[in-house]
Protein chains: 2
Amino acid sequence: MSYERNGCPIRFGLGILGDKWSLLIIRDLMFKGRRYYGEFLSAGEGISTNILADRLARLEDADIIHKTPDPAHGKKIVYCLTEKGLDLMPIMFSIMDWAEKYDDQTEVPREFIKELRNQPKSLRRKILASLK
Amino acid sequence: MSYERNGCPIRFGLGILGDKWSLLIIRDLMFKGRRYYGEFLSAGEGISTNILADRLARLEDADIIHKTPDPAHGKKIVYCLTEKGLDLMPIMFSIMDWAEKYDDQTEVPREFIKELRNQPKSLRRKILASLK
DNA sequence: AGATATCCTTGTTTTTTGCAAGTACGGGAG
DNA sequence: CTCCCGTACTTGCAAAAAACAAGGATATCT
């Protein structure tokens, strides 16, 4: 599905947010410190290699992520979130907030949720710092 | 895809948030005042009848929406968001906030975005009131 | 020089989605 | 009372997407 612009903000976000594999990739980049193709592949979610390659390409096309060759490994590629991608953080925070309320088996640390709710800007700065 | 619980909040939300048709149905219920099967069908998004029926069933199974027969029309069914579904509002607000920044063709009124950013609780109350 | 790692691509199968037609039933019109 | 329309779907089939398994190109390591 291509990005169809008809002015609706929810529909605008669908190409990324309405796709489970894209959400998981963004999660891994944003919160799990995963940056390489192999790390996404072995994240335990069961994604197929052709789908992973496809989603990475789409996210790059949408300027959500950016890829660069790893200087230390000529064959490796490092993926990172762009500013547009990092600006998805409030959405991810909201999802975590909602899930903490409705998932009785959630494993997010209480301190994380507390900070997420009370000081989201501070939490955001910490996460941004850890991604540098 | 069934709801697989492994403690991750993003993954927990995937069955709903990682599905474009579910997001659009929630949007229509939450912000567009659409409550009937026929209204979702003719929202202009191109959904097929079997997919709409399937997604409504899934959202009901997940306790996101609730359906009741329309007292005024014996054959009509009214769909509405449950408390769990209404609690998705901050997520939808975040998506709109993000889209307003990155969609140069967004049609969300400026006043809506302003209130969304400055007084989300007030906006939430207004929307809840309009859904009663 | 050969083996391994890395990031994919390719071909095929399976699953999901979209399309078109049809169904069951309640209510309204005549 | 009967017929027709509206409503919410279901069904069968075709098309598209996803999943599976194997393989390829290339850089790095031993």
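The structure displayed is predicted, hence computed values, not measured ones. Numbers restart at 1 for each chain; the letters A, B, ... are given by sequence-line order, proteins then strands.
Taking atom CG of B:D70 as the reference point, atom C1' of C:dG28 lies 16 Å away to the nearest angstrom. In this structure, B:I47 atom CD1 and C:dA20 atom C1' are separated by 16 Å, rounded to whole Å. For the pair A:Y36 OH and C:dC8 C1', the computed distance is 17 Å after rounding to whole Å. The CG atom of A:L24 sits 14 Å away from the P atom of D:dA18 (whole-angstrom rounding). In this structure, NE2 of A:H73 is placed 23 Å from P of D:dA25, rounded to the nearest angstrom. Rounded to whole angstrom, the span from the CD1 atom of B:I51 across to the P atom of D:dG12 amounts to 16 Å. In this structure, CD of A:E45 is placed 16 Å from C1' of D:dA19, rounded to the nearest angstrom. Here the P atom of nucleotide C:dC8 and the CZ atom of A:R58 are 16 Å apart, to the nearest Å.
Taking the side chain of A:T49 as heavy atoms from C-beta on, and the options C:dT17, C:dT9, D:dA25, the nearest nucleotide is C:dT9. For A:A53, counting side-chain heavy atoms from C-beta on, the closest listed nucleotide (D:dC9, C:dC8, C:dT17) is C:dC8. Comparing C:dC7, C:dG18, D:dC20 against the side chain of B:N50 picks out C:dG18 as the nearest. Nearest nucleotide to the side chain of B:R55, out of C:dC7, C:dT17, C:dC8: C:dT17. Distance from the side chain of A:K76 is smallest for C:dC7 among the nucleotides D:dC9, C:dC7, C:dG18. For A:I77, the listed nucleotide lying nearest its side chain is C:dC7; candidates were C:dG26, D:dA19, C:dC7. Relative to the side chain of B:S48, the nucleotides D:dC9, C:dC8, C:dC19 differ in distance, and C:dC19 lies closest. With C:dT17, D:dA18, D:dT26 as the choices, the nucleotide that has an atom nearest any side-chain atom of A:K75 turns out to be D:dT26.
Heavy-atom neighbours of A:R35 CZ from other residues, nucleotides or ligands within 6.0 Å: at or below the threshold of 12.
For the pair A:I127/A:L86, no side-chain contact is recorded, criterion being any heavy-atom separation below 4.5 Å from C-beta on.
Using a 4.0 Å heavy-atom distance criterion, B:F40 is classed as making no nucleic acid contact.
Close to D:dC9, at under 4.0 Å from its OP1 or OP2, lies a side-chain N or O of B:Y79. Here B:W21 does not reach the OP1 or OP2 of C:dT16: none of its side-chain N or O atoms lies under 4.0 Å away.
Between the side chain of B:T82 and the main chain of B:D63, a donor-acceptor pair closer than 3.5 Å is present.
Residue whose closest nucleotide on DNA chain D sits further toward the 5' end, between A:D19 and B:E39: B:E39.
The line from CD1 of A:I16 to CG of A:L59 is 6.5 Å long, rounded to the nearest 0.5 Å. Of the inter-residue distances, the one linking B:Q119 atom CD with B:R125 atom CZ reads 9.0 Å to the nearest 0.5 angstrom.
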